[in-house]
Amino acid sequence: MKKLIEEFKAFALRGNMMDMAVGVIIGGGFTGIVTSLTDNFINPILNFVTGAATYTLPDIMGFASKFVSDLVNFLILAFVLFCLLKAVNKLMSLGVKKEEEPAAPTTKKCPYCLSEIPIEATRCPHCTSVLEEKEVQALPE
């Protein structure tokens, strides 16, 4: 049962699943903005232009306040989602330990006596064998 819960947790908190969930929620919130824009601005303008309806200033102010209210609701939703995702990412980063890159080797084995010697050595301090010589670059003339 514990393994099943761990697998579900890994599945649900994967990056692409979280992105999809955020997309669906933001899409729903944005639908509200588009609907409000249509109901509170576009339809009244079309009704006024075609003569189907006449509007007074309080009607127009009411339409604008409804749209602004829907816009503020969307921004609050987006901010709450941002905070939730930030908290989830923080929790996920606490559980995952970064693997450290292995350090560059500082020693090597002497091919003659198999003792460990510094990687920069050109002669083994144990058996005094001459190791591969480093190429010395000639100075330009």
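Atom-to-atom distance recorded for Thr31:OG1 and Ile26:CD1 is 11.0 Å, nearest 0.5 angstrom. Note that OG1 of Thr35 and CZ of Phe30 are 10.0 Å apart. Values are rounded to the nearest 0.5 Å. Interatomic distance, Glu116 CD to Lys109 NZ, rounded to the nearest 0.5 Å: 5.5 Å. From Leu84, atom CG reaches atom CZ of Phe79 across 10.5 Å, with rounding to the nearest 0.5 Å. Residue Asn47 holds its CG atom at 12.0 Å from CD1 of Ile42, rounded to the nearest 0.5 Å. Here the CE-CD1 distance, from Met20 to Ile25, works out to 10.5 Å after rounding to the nearest 0.5 Å.
Under the 4.5 Å side-chain criterion, counting only non-hydrogen atoms from C-beta, Phe48 is not in contact with Pro44. The closest side-chain heavy-atom distance from Asn73 to Leu77 is not below 4.5 Å. In this structure the side chain of Ile33 reaches within 4.5 angstrom of the side chain of Leu71, judged on heavy atoms.
When the side chains of ILVMFWY residues are joined at heavy-atom separations under 4.5 Å, either directly or via intervening members, Val68 and Ile60 end up in two distinct hydrophobic clusters. Val88 is connected to Val22 through a chain of hydrophobic side-chain contacts under 4.5 Å among Ile, Leu, Val, Met, Phe, Trp and Tyr, so both are in one cluster. Under the 4.5 Å side-chain contact rule for hydrophobic residues, Val80 and Leu75 do not share a cluster.
Here the closest non-hydrogen pair linking Gly62 and Ser65 is O-OG, 2.9 Å. Here the shortest heavy-atom pairing between Ala121 and Leu131 reads O-CD1, 3.8 Å. Here the closest non-hydrogen pair linking Pro105 and Ile119 is O-CD1, 3.7 Å. In terms of heavy-atom proximity, Cys113 sits nearest to His126 at SG-CB, 4.1 Å. The shortest non-hydrogen separation linking Ser129 to Tyr112 is CB-CD1, 3.2 Å. Contact detail for Phe63 and Asn40: the closest heavy-atom pair is CB-O, 3.1 Å.
Summarising the local packing, NZ of Lys66 is surrounded by 12 or fewer heavy atoms from other residues, nucleotides or ligands at distances under 6.0 Å. Surrounding CZ of Phe82 are at most 12 heavy atoms belonging to other residues, nucleotides or ligands under 6.0 Å away.
Proximity of a side-chain donor or acceptor of Ser36 to a complementary backbone N or O of Gly32 within less than 3.5 Å is not detected. Between the side chain of Asp59 and the main chain of Thr56, a donor-acceptor pair closer than 3.5 Å is present.
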